[in-house]
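Single-structure report; data block below.
Predicted, not measured: the structure shown is a model, and the values here were computed from it. Numbers restart at 1 for each chain; the letters A, B, ... are given by sequence-line order, proteins then strands.
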Amino acid sequence: MLVYKTVENRIRKALKHHIHERYKVDVPIVLERPPKLAMGEAASPLCFELAKQMRKPPRALAQEIANSLKPVPGVARIEVAGGGYLNFFFDRAQFFRAACEEAGHESVSPVANAPKTVVEHTSINPNKAAHIGHVRNAVLGDTFARLLRHAGRRVEVQNYIDNTGVQVADVVLGFLHLEKKSLAEVKTLAAGPKFDYLCWDLYTRVTQWLAEDKSRLELRNQTLKEIEEGHGDTAKAGEIIATAIVHCHLRTLDRLGIDFDLLSQESEILHLKFWDAAFRMLKERNAIQLATSGKNAGCWVMQLPSQRDAADDESNTAAETSEAKPEEPPEEAEAKIIVRSTGTVTYVGKDIAHHLWKFGLLDRDFHYQRFHKHPDGHEAWVTSSDRDDPGAPSFGHAHDVFNVIDSRQAYPQQVVVAGLRALGYDEEADHLKHFAYNVVALTPRCAQEMGYEIPTEDAKKQYVDVSGRKGQGVKADDLLDRLETSARAEVDSRHPESPEAERSAIGHAIAIGALRYFLLRFTRSTVIAFDFEDALSFEGETGPYVQYAVVRVNGILRKGAELDPDIGAENSKNIERLKSGALDVAPFLATPAGDDLWDIVLLAGSLDSRVEFAISAQEPAILARFAFELAQAFNVFYHKHHILSEKDAEKRAFLLLITALVREQLVTTLGIMGITAPEKM
RNA sequence: GCGCCCGUAGCUCAGCUGGAUAGAGCGUUUGGCUACGAACCAAAAGGUCGGGAGUUCGAAUCCCCCCGGGCGCACCA
């Protein structure tokens, strides 16, 4: 779908070429949306900049350009406005025709060996139930992956499972030592319902239990070591627990329509000795050094470029080679420990190895097994240390990597990038992006509602943090249940005659629409202060508002078919008439009477540019906003124009075409956000 | 101490690489269901864009300094 963007690009090209030819200078080709429709569909203030270089008044320059610029296809006329704006007025009928022809054409699927983009998201510690913060991560990552796929990119979605970490060890400790369960009992519990909820509570108790007696930390370290080494009952318990929890998480995420291609597990990174390979590379290329003195003595450390060096990176790349390097030991403040003096590798070290694998730079690979079948039939694979299931696709070998990780982990993410760079992989370092987002907190009111004790000074704050260790937080499944219950109640009252299965499906679609939209409407850097009242809302700027617009379109078309069974055929015939020119919509779009219709047509044709913007800004909220704007425009249109009773046959045909176009764009947009639009609601 | 993020209407948030009169939703007040579904629409009220200085033809946006909040800176992950 390339409508608005197509015209915009043509204008850009024409302006660039023209100014270069005529004035022999280059100015940035800035194009923006004018504040009002009466000022056209695209505008450029570039004459202000050009005026400086040419020493001529901007308005005169604008006039010159407007008069001499060769006609741009899709642009009807150019006007000069204000102190020197160039305003471009689109050919409305042509734009509409293009939009209708393009709408609904699926985005081109990428060729098999196109550069691959890996998106890693979710990555929940497999030791307890998923909460609202995890869902924000998953929804952001899933939506971004869908955005990339929509734009024709080849995408692989990975979910990193830290199944050998402290958090898993704590729960193992809880079952085996605090609860004195046998391995068989753990196995039975893990197979039971709501195992993730059980662990949620146990984890809290273990945290408490460890705090009561510090000597128990020794037991925890022992447990962790056994899990890492992968032998014995402790390791077996860890594997059973982590795997069962991952299945719980996937079931929760399946409710939200979130799929994965690969679950990459830390246990395999350990067992297949990815780190050994990475360690060798790091040492060979002198990316890390063994500290011989100071507080880091005995550790392998990586020197990080200081903030100043990073800022001046480009200007002194030449200078640094000429400098006599005295080979002094890295300054402690800027040294990051990669290997401890005990010889064990830190988390960042493992992450560097993991990312070398992601980019296909490591001389070894995982084995792969089938793990989970998503409801849509898509199969998620898991890494394995010894056995391959047949039919595994090729994983990794990424050209670009996006890691959806909360912004508190910005520093370790930078270290990984620095590691790649230190190894000489500058290109890969440039292609590794931390897709950072802020946390989900609770409003003080919500925290109190959930029964958490909050200090009095926190009660005045906008939001309060929750602690997983204390068992605080809104569990994803609980929230989804509440949303579904609430949506179901509304559906039941509106459609008591509909069969149970249908009402249930609609309630589900609305619940997901509400939640995914709620999490997407905030920009990534915003801390979401969660409150049930806001999240459970179905009115105003919400997912159900957008879904409702689609339902209204469906209602119109359904009603239309009752009155006139041929309406569907008529619509497709009208598209043909539009293409051939037999249906002339120009009079209906003419200014000023047709401005309100043009308004919605223009917006509907802007999906392409919004998608591109959302990708380049790495900001799914841009798409959410677009969905709301288009739905809102449709509601206005709906109230102003009664479609089915329109007497003028040509205009009725036109209104129906707009309606179909808007539905197509709304359904596509919602689809990218992972939201479905039910037939009725 | 150093680094990153945030401060915009009563509340929750948009505002893209500087651009034309700072926008939405919620809440409040008022009006609209005998025309395609009112989970909607229309209208009103509501803002010294945290403060100050600077760059610019032009600043909510960029630079600097303050004030106020959040988060990082482990031989944790």
Side-chain angles (χ1 to χ4, degrees), chain A residues 28 30 32-36 39 43-45 48-49 51-52 57-58 81-85 87 125 162 164-167 266 295-301 306-307 333 336-344 346-348 350-351 406-412 414 436 438-439 441 443 461-463 465 487 490-491 494 510 514 521-529 531 533-534 537-542 544-545 547-549 551-560 562-563 613-614 616-617 619 621-622 624-625 628-629 631-632 635-636 638-646 655 659 680-681:
Chain A
V30 180
E32 61 194 41
R33 283 293 281 273
K36 288 180 114 174
M39 299 171 178
S44 182
F48 297 110
E49 184 60 31
K52 269 192 265 182
Y85 283 95
N87 289 350
N125 274 314
D162 182 6
T164 52
V166 184
Q167 301 217 25
E266 181 169 83
K295 63 169 182 165
N296 294 336
C299 298
W300 286 88
V301 299
S306 72
Q307 296 303 324
K336 181 73 191 167
I337 291 165
I338 304 297
V339 180
R340 303 181 187 104
S341 54
T342 57
T344 55
T346 62
Y347 158 77
V348 215
K350 281 182 275 190
D351 217 21
D406 78 73
S407 50
R408 291 175 303 191
Q409 297 196 50
Y411 177 61
Q414 281 167 18
N438 225 320
V439 294
T443 62
K461 291 186 179 173
Q462 285 186 308
Y463 50 81
D465 273 335
E490 191 66 34
V491 173
R494 289 170 189 242
I510 294 169
R521 51 181 273 237
F522 301 94
T523 52
R524 289 184 288 125
S525 60
T526 304
V527 175
I528 297 182
D531 196 302
E533 196 177 306
D534 298 334
S537 169
F538 298 152
E539 289 165 15
E541 194 186 341
T542 65
Y545 176 97
Q547 292 171 308
Y548 188 68
V551 165
R552 273 183 153 164
V553 175
N554 294 339
I556 294 170
L557 299 181
R558 203 164 44 231
K559 183 81 174 190
E562 278 172 27
L563 301 172
F613 185 34
S616 66
E619 188 53 272
I622 289 165
R625 189 151 290 273
F628 178 67
E629 278 176 34
Q632 201 174 36
N635 281 330
V636 173
Y638 170 87
H639 280 277
K640 272 192 189 165
H641 302 275
H642 198 263
I643 298 155
L644 295 178
S645 64
E646 174 58 48
L655 295 179
T659 306
K680 53 185 182 178
M681 64 188 265

Sugar-phosphate only, base, or nothing, as touched by [X] at under 4.0 Å among non-hydrogen atoms:
X: A:Q632; answer: sugar-phosphate
X: A:D406; answer: nothing
X: A:T526; answer: sugar-phosphate
X: A:A43; answer: base
X: A:I510; answer: base

Q | A:N296 (side chain) and B:A74 (base): donor-acceptor pair under 3.5 Å | A | no
Counting side-chain heavy atoms from CB outward, which of [options] is closest to [X]?
X: A:K36; options: B:G19, B:U21, B:C13; result: B:U21
X: A:K336; options: B:A20, B:A74, B:G19; result: B:A74
X: A:F628; options: B:A39, B:G19, B:G25; result: B:G25
X: A:P544; options: B:A39, B:A20, B:C57; result: B:A39
X: A:M39; options: B:A20, B:A39, B:C13; result: B:A20

Q.
Across nucleotides 26-37 of chain B, 5' to 3', mark each nucleotide with B, S or - according to how protein heavy atoms within less than 4.0 Å reach it.
A. S-----B--BBB
Q. Start at the 5' end of RNA chain B and walk down; is the nucleotide closest to A:R625 or to A:K350 reached first?
A. A:R625
Q.
Between A:S341 and A:R524, which residue's closest nucleotide on RNA chain B lies nearer the 5′ terminus?
A. A:R524
Q) With a centroid cutoff of 5.5 Å and a plane-angle limit of 30°, would you call A:Y545 stacked on B:A39? A) no
Taking side chain as C-beta onward, heavy atoms only, is [X] less than 4.5 Å from [Y]?
X: A:Q632; Y: A:Y545; result: yes
X: A:N635; Y: A:R552; result: yes
X: A:V527; Y: A:V439; result: yes
X: A:Q167; Y: A:D162; result: no

Complement of [N], any strand, by Watson-Crick or G-U distances under 3.5 angstrom:
N: B:C71; answer: B:G3
N: B:A24; answer: B:U12
N: B:C36; answer: none
N: B:U56; answer: none
N: B:U48; answer: none

Over all atoms of both residues, closest heavy-atom pair of [X] and [Y]:
X: A:G165; Y: A:E266; answer: N-OE1, 4.2 Å
X: A:P34; Y: A:A43; answer: CG-CB, 3.8 Å
X: A:A51; Y: A:P57; answer: CB-C, 4.3 Å
X: A:P412; Y: A:Y347; answer: CB-CE2, 4.4 Å

Which atom pairs link the protein and nucleotides 60-63 of chain B when you take only N or O atoms and keep those under 3.5 Å?
none

Pairwise [atom1] distance, [M] and [N] [rounded to whole Å]:
N: B:A44; M: B:G25; atom1: P; value: 13 Å
N: B:G19; M: B:C63; atom1: P; value: 14 Å
N: B:G15; M: B:C6; atom1: P; value: 10 Å
N: B:A59; M: B:C13; atom1: P; value: 28 Å
N: B:C16; M: B:G69; atom1: C1'; value: 26 Å
N: B:U17; M: B:U61; atom1: C1'; value: 10 Å
N: B:U21; M: B:A35; atom1: P; value: 42 Å
N: B:G32; M: B:G46; atom1: P; value: 24 Å

Q: Among A:L655, A:L644, A:V551, find the one that has a side chain to side chain contact (heavy atoms under 4.5 Å, CB included) with A:I556.
A: A:L644
**Q.** Which residues share a ring pair (Phe, Tyr, Trp, His ring centres under 6.0 Å) with A:F48, sequence neighbours left out
**A.** A:Y85
Q. Mind checking what makes ring pair (Phe, Tyr, Trp, His ring centres under 6.0 Å) contact with A:Y638, not counting sequence neighbours?
A. none
Q | Salt-bridge present (A:R494, A:E490; N to O < 4.0 Å) | A | yes
Q.
If we ignore hydrogens and angles and just use 3.5 Å, is the side chain of A:S44 paired with the main-chain N or O of A:V30 as donor and acceptor?
A. yes
Just how far, in rounded Å, is [atom2] of [N] from [atom1] of [X]?
X: A:F48; N: B:G18; atom1: CZ; atom2: C1'; answer: 12 Å
X: A:I622; N: B:G15; atom1: CD1; atom2: C1'; answer: 11 Å
X: A:I338; N: B:A77; atom1: CD1; atom2: C1'; answer: 14 Å
X: A:F522; N: B:A14; atom1: CZ; atom2: P; answer: 8 Å
X: A:Y85; N: B:C57; atom1: OH; atom2: C1'; answer: 10 Å
X: A:Q462; N: B:C11; atom1: CD; atom2: P; answer: 9 Å
X: A:Q547; N: B:C40; atom1: CD; atom2: C1'; answer: 15 Å
X: A:Y347; N: B:A77; atom1: OH; atom2: P; answer: 10 Å

Interface polar pairs with nucleotides 70-72 of chain B, N/O, under 3.5 angstrom:
unit_1, atom_1, unit_2, atom_2, d
B:G70, OP1, A:K461, NZ, 3.1
B:C71, OP1, A:D465, OD2, 3.2

Q) Does a sphere of radius 6.0 Å around CD in A:E32 hold more than 12 heavy atoms from other residues, nucleotides or ligands, not counting ones at 6.0 Å or beyond? A) yes
Q. Of all residues at least two apart in sequence or in a different chain, which pass the side-chain contact (heavy atoms from CB on, under 4.5 Å) check with A:T526?
A. A:F522, A:T523
